[in-house]
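Data first, discussion second: the structure below is written as structure tokens.
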Amino acid sequence: MAKTWQRVFSLFSVVLLTLALSGAHAQESGCARPRVSVSGTVVDEADVQEYLKGRYPHRSWESLWQEIRTVVLEELRENSPQIDFVEDGSGCDYSFSYTLGLIAAGEDIEVAGVLEGEHTAVFMSSKLVQNNACGFPGSVLGVSVVQDDPDVFRTIEQNIDRYGSLETRILEYERTHRVPPRGPVMEFALEKPYVSPKLDEREMDIRVRVENCRGEPVFDPYHGQVVIFPRRTERGELRPTKGFPQDFVVTENLVLLEITGEEGGSITYTLREGLEPGFDLFQAKTCGIDGIRTQDVLPPVPIAGVALEVEPEEAYIAPGASTAVEVRLFQVTPDGARVPLEGEVVTVEANGLVDGSLKPQGKVRTDARGRIQLMYQAGVQEEGVEVVARYRPEGYPDALEERTSVALVEEPACWRGTVDITVDLSFRETKKSDSAECGRDESELATELHAHVWGELLLRPGQPETILSQDFSGTYEMTIKTFRESCVTTCRRKGVRGEVPVRPGSWESSETRVRGTLSDRDFRISASVVVDRKTGQYRFSCGFRGLIWRGFSEVLGRYHDVCTGETRETRTASLETELDRFEMSSGEIQEVTPNLNVVKGEKVVEYPLSTGAVKYTWDFQRIPCGE
């Protein structure tokens with residue numbers, strides 16, 4: 001009866017404590033519940049069994065030991081209802097371990113000249129320890145020893161009651177020892193609007209701060225909070241920011257920052273490759289009491305690209321005449337703005353000169369508008385000139401090259417007609433692990449692309465082509481499937497000590513689908529027709545630019561745990577965004593026409609790594625240049 005009233009009073013106390021701390025619990029609502037593994041041992045088990053058999057003659061040792069473990073869990077859960085207690089659980093944040101034994105208690109009594117205890121009592125010692133997390137050794141949060149009660153269940157109750165609230169101990173410990181944190185979240189801030197291939201714009205500092213699930217900053221001056229970045233990204237490289245107050249370790253593949261102060265950590269991004277505008281997205285990891293946190297570094301690093309254009313004032317001139325050729329160099333910011341690049345060196349070359357000239361040539365600097373003005377003086381023995389402009393940012397691996405041509409014609413030739421470009425490409429790649437190897441590892445990549453571009457053009461010498469009408473459509477889909485199955489997984493089985501191997505083991509699969517449709521950014525169709533009247537041979541080229549694939553991606557993931565037999569499924573989808581540019585050029589096509597007033601034909605270009613081809617169809621007729 002006394003034990004029953006003690007339990008009722010204890011439960012009532014827990015209810016009152018829960019109501020009193022409801023405001024504190026509300027502040028913890030964003031935090032995962034602490035998980036505590038509970039385990040117990042018995043010292044001199046034979047003596048304990050004999051002692052308990054005398055007090056409970058009709059109970060087996062197995063039954064008593066099961067009840068003891070059950071009572072320990074019940075007392076802990078009554079003590080701290082906001083904590084998940086798991087007997088011999090793995091993956092827990094804390095461990096509660098206890099030891100039971102016998103000890104002499106009461107007044108000392110002399111028997112045959114030897115002091116002995118007045119009676120025998122049950123001894124219980126226990127401790128609450130934070131498990132080893134993120135490489136830090138576990139810390140002891142509390143120890144309780146009870147050794148003066150002959151009843152094992154009262155001993156258990158008294159031992160656990162001495163802790164007070166285990167929940168309060170754990171919360172207070174985590175508030176005063178923020179590293180490692182519970183539920184870590186990283187926040188990132190970019191120092192600049194973007195980086196670019198220009199020498200003085202390639203670096204950007206990225207600040208990172210870590211907060212725990214309570215929104216408190218996480219740092220420690222002695223053993224900082226570790227944040228792990230990749231050493232190399234898709235287009236850049238990372239290193240610790242010079243002079244920033246933090247500790248760090250750099251390996252061949254990783255950069256590990258240790259946040260030691262409230263200002264957080266800082267890493268420096270350096271652009272290493274690519275000339276097109278875009279974004280570099282990569283991930284960072286940090287560790288917490290309840291697991292590893294992986295996040296995208298958002299916003300991703302914006303990258304401004306570089307573009308080069310070469311355009312003649314007149315594309316067709318008579319022998320002996322002259323025309324200007326303009327080179328334009330500019331930066332394309334991530335939002336599409338064009339910024340002229342002043343004082344940059346562009347290399348200019350000319351192909352096809354016989355008795356004509358192109359000035360200047362060689363290394364030439366752009367003016368304040370990012371331009372270079374060239375002058376082509378045609379000869380009388382050449383057919384024209386090809387102007388080649390190249391730009392490589394200082395100390396950068398990638399370069400831009402653009403070409404244009406000025407053709408010599410005896411009389412103006414104007415053309416009106418259509419260009420039709422059809423793209424049908426597919427690619428599939430399947431990889432499987434060696435069948436002799438244990439486990440399975442399979443992946444499959446499939447890409448389907450279809451596009452149709454059409455335009456009606458008017459081509460006049462010395463003038464940009466006039467687009468009378470144009471149209472485009474296209475779809476793009478890429479699917480990536482992976483499947484991985486481990487050879488063996490060790491599981492705990494009921495009635496079996498330790499872990500047993502299960503073959504085959506757990507498996508996981510993912511399917512990523514990327515879909516896109518063609519969208520207009522600055523859609524332009526271009527074409528060029530040049531006919532040699534002496535041979536009937538013509539040179540034709542066409543292409544388009546200014547289209548982008550716009551779409552989104554979906555990721556479906558599944559994980560099967562052979563130990564529990566459960567299969568978990570996750571699905572994520574991205575917002576619609578730009579996927580990639582889509583531009584294409586036929587290159588120069590040489591054909592012969594029997595009718596000098598008609599240029600028509602088609603060409604199919606196959607790609608060796610894909611199934612499908614690109615088909616170019618053109619149909620132009622000469623018209624009077626006055627129309």
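Keep in mind that this is a model prediction, so the values were computed, not measured. Quick note: numbers below take in every heavy atom, side chains included, and nothing from hydrogens, waters or symmetry partners.
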Does any N or O in the side chain of [X] come within less than 3.5 Å of the main-chain N or O of [Y], such that one atom is a donor and the other an acceptor?
X	Y	answer
Glu382	Asp355	yes
Thr593	Asn595	yes
Thr323	Glu314	yes
Thr447	Met478	no
Thr233	Gly236	yes
Thr251	Leu254	yes
Thr294	Lys285	no
Asp398	Gly274	yes

For residues [X] and [Y], is any side-chain donor paired with an opposing acceptor at under 3.5 Å?
X	Y	value
Asp296	Gln283	yes
Gln331	Glu201	yes
Thr475	Thr517	no
Asp205	Ser266	no
Thr466	Arg460	yes
Thr333	Asp335	yes
Ser506	Ser486	no
His452	Asp471	no
Arg371	Gln373	no

Should [X] and [Y] count as an ion pair when the cut-off is N to O under 4.0 Å?
X	Y	value
Arg207	Glu191	no
Arg558	Glu569	yes
Arg235	Glu276	yes
Arg365	Glu344	no
Glu602	Lys615	yes
Arg328	Glu309	yes
Glu511	Arg513	yes
Glu394	Lys198	no
Glu263	Arg209	no
Arg521	Glu578	yes

Kindly write out the residues that satisfy side chain to side chain contact (heavy atoms under 4.5 Å, CB included) with Thr418, not counting sequence neighbours, or none if the list is empty.
Trp454, Glu456, Asp619
With Arg392, which residues qualify under side chain to side chain contact (heavy atoms under 4.5 Å, CB included), at least two apart?
Ala399
Decide if atom [atom1] of [X] counts as having more than 12 heavy atoms of other residues, nucleotides or ligands within a radius under 6.0 Å.
X	atom1	value
Glu383	CD	no
Glu606	CD	no
Gln470	CD	yes
Arg231	CZ	yes
Lys192	NZ	yes

Summary of ring-ring contact (aromatic ring centres under 6.0 Å, His included) pairs that have at least one residue in residues 455-476, sequence neighbours excluded:
Phe472-Phe523, Tyr476-Trp549
Given side chains that start at C-beta, do those of [X] and [Y] come closer than 4.5 Å, heavy atoms only?
X	Y	result
Val195	Tyr269	yes
Leu275	Pro197	yes
Thr286	Val226	no
Leu238	Thr268	no
Leu308	Val327	yes
Arg403	Glu401	yes
Phe188	Gln295	yes
Val599	Trp415	yes

Step by step, work out the side-chain hydrogen bond (donor to acceptor under 3.5 Å, both in side chains) result for Ser553 and Ser574.
CA-CA 5 Å; Ser553 63; Ser574 69; 3.2 Å; yes
CA sep, side-chain torsions, deciding dist, call: Arg293, Val185, side-chain contact (heavy atoms from CB on, under 4.5 Å):
CA-CA 7 Å; Arg293 171 82 175 192; Val185 176; 4.3 Å; yes
Audit row: Gln361, Leu353, side-chain contact (heavy atoms from CB on, under 4.5 Å) steps and yes/no
CA-CA 12 Å; Gln361 291 190 54; Leu353 292 177; 4.0 Å; yes
Let me see the working for Leu341 and Val306 under side-chain contact (heavy atoms from CB on, under 4.5 Å), right down to the final yes or no.
CA-CA 9 Å; Leu341 291 178; Val306 180; 4.0 Å; yes
Name all residues meeting the ring-ring contact (aromatic ring centres under 6.0 Å, His included) criterion together with His560; count only those two or more places apart in sequence or in a different chain, and write none if there are none.
Trp507
Can you name the residues that form a ring-ring contact (aromatic ring centres under 6.0 Å, His included) with Tyr396, not counting sequence neighbours?
none
Quick one: do Phe544 and Phe582 satisfy ring-ring contact (aromatic ring centres under 6.0 Å, His included)? Show the steps, please.
CA-CA 9 Å; Phe544 64 89; Phe582 186 53; 5.3 Å; yes
Hey, does the Lys NZ or Arg CZ of Arg338 hover above the aromatic six-ring of Phe330, less than 6.0 Å from the centre and inside 45° of the axis?
yes
Determine whether Glu442 and Lys432 satisfy the following criterion, side-chain contact (heavy atoms from CB on, under 4.5 Å), listing intermediate values before the conclusion.
CA-CA 4 Å; Glu442 302 176 1; Lys432 294 186 178 182; 4.1 Å; yes
For Tyr538, side-chain hydrogen bond (donor to acceptor under 3.5 Å, both in side chains) partners two or more places apart:
Trp618
